[in-house]
Amino acid sequence: MATGELNFLEFIQTFRRGELLEQGDQMLNELVDAVQLTGGKGSLTITLPLSMNKAGQIECTPKVDVKKPRRVMGSGIYYATDDGRLTRRDPNQSEMFDELGGRRDRGE
């Protein structure tokens with residue numbers, strides 16, 4: 001005679017008609033994508049808090065949490081101008097090609 005007892009896998013599969021399994025599967029796919037994209041590390045945590053309600057039944061409100069690695073943004077190199085603005089060109093260095101272009105225009 002079947003008792004209807006659930007093992008761990010059956011519990012995950014059947015919780016709220018598969019909602020827990022579906023959510024966990026989606027978050028696992030997102031985590032795998034993020035790990036492949038960044039080469040970093042991440043984790044997927046499923047918490048199953050159990051409590052007894054007033055009617056003597058066991059209640060569970062699962063929480064699925066994913067920590068995805070983030071792609072580190074590279075640094076940019078800039079120079080500060082005398083008036084506090086940013087520029088990609090070193091204001092203390094003359095432009096070699098601009099100087100040659102000026103000479104050509106003058107016929108030198």
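If you're wondering where the values come from, they're calculated on a predicted model, not measured in any experiment.
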Roughly how far apart are [X] [atom1] and [Y] [atom2], rounded to 0.5 Å?
X	Y	atom1	atom2	value
Asn29	Leu44	CG	CG	10.5 Å
Glu59	Lys54	CD	NZ	11.0 Å
Thr45	Met27	OG1	CE	10.0 Å
Leu20	Thr14	CG	OG1	9.0 Å
Leu31	Lys67	CG	NZ	12.0 Å
Glu30	Lys68	CD	NZ	4.5 Å

Please tell me if the side chains of Val35 and Pro69 come closer than 4.5 Å, counting only heavy atoms from C-beta onward.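 Answer yes - side chains close enough.
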Heavy-atom check, side chain of Ile46 versus side chain of Lys63, under 4.5 Å:
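The answer is no, as the side chains (C-beta and beyond) never meet within the 4.5 Å cut-off.
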Provide the closest heavy-atom pair for Cys60 versus Phe15 in the form atom of the first, atom of the second, distance.
->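 Smallest heavy-atom distance, with atoms named: O-CZ, 3.5 Å.
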Test of understanding: clusters of I, L, V, M, F, W, Y form through side-chain heavy atoms closer than 4.5 Å, transitively. Do [X] and [Y] belong to the same one?
X	Y	result
Val66	Leu48	yes
Phe8	Leu28	yes
Met52	Leu50	yes

Next item on the list: I would like to know whether Arg70 and Thr38 meet side-chain contact (heavy atoms from CB on, under 4.5 Å); could you show each step before the answer?
Entry: CA-CA 7 Å; Arg70 301 176 114 190; Thr38 65; 5.8 Å; no
Looking only at the side chains, is there a donor atom on one of Arg88 and Tyr78 sitting less than 3.5 Å from an acceptor on the other?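 Yes, because at least one side-chain N or O of Arg88 sits under 3.5 Å from a partner of the opposite role on Tyr78.
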Are more than 12 heavy atoms, taken from residues, nucleotides or ligands other than Asp83, located less than 6.0 Å from that residue's CG atom?
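Buried by this count: over 12 neighbours within 6.0 Å.
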Taking Gln26 for the side chain and Gln23 for the main chain, is one N or O donor matched with an acceptor at less than 3.5 Å?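 Between the backbone of Gln23 and the side chain of Gln26 there is no qualifying donor-acceptor contact (under 3.5 Å).
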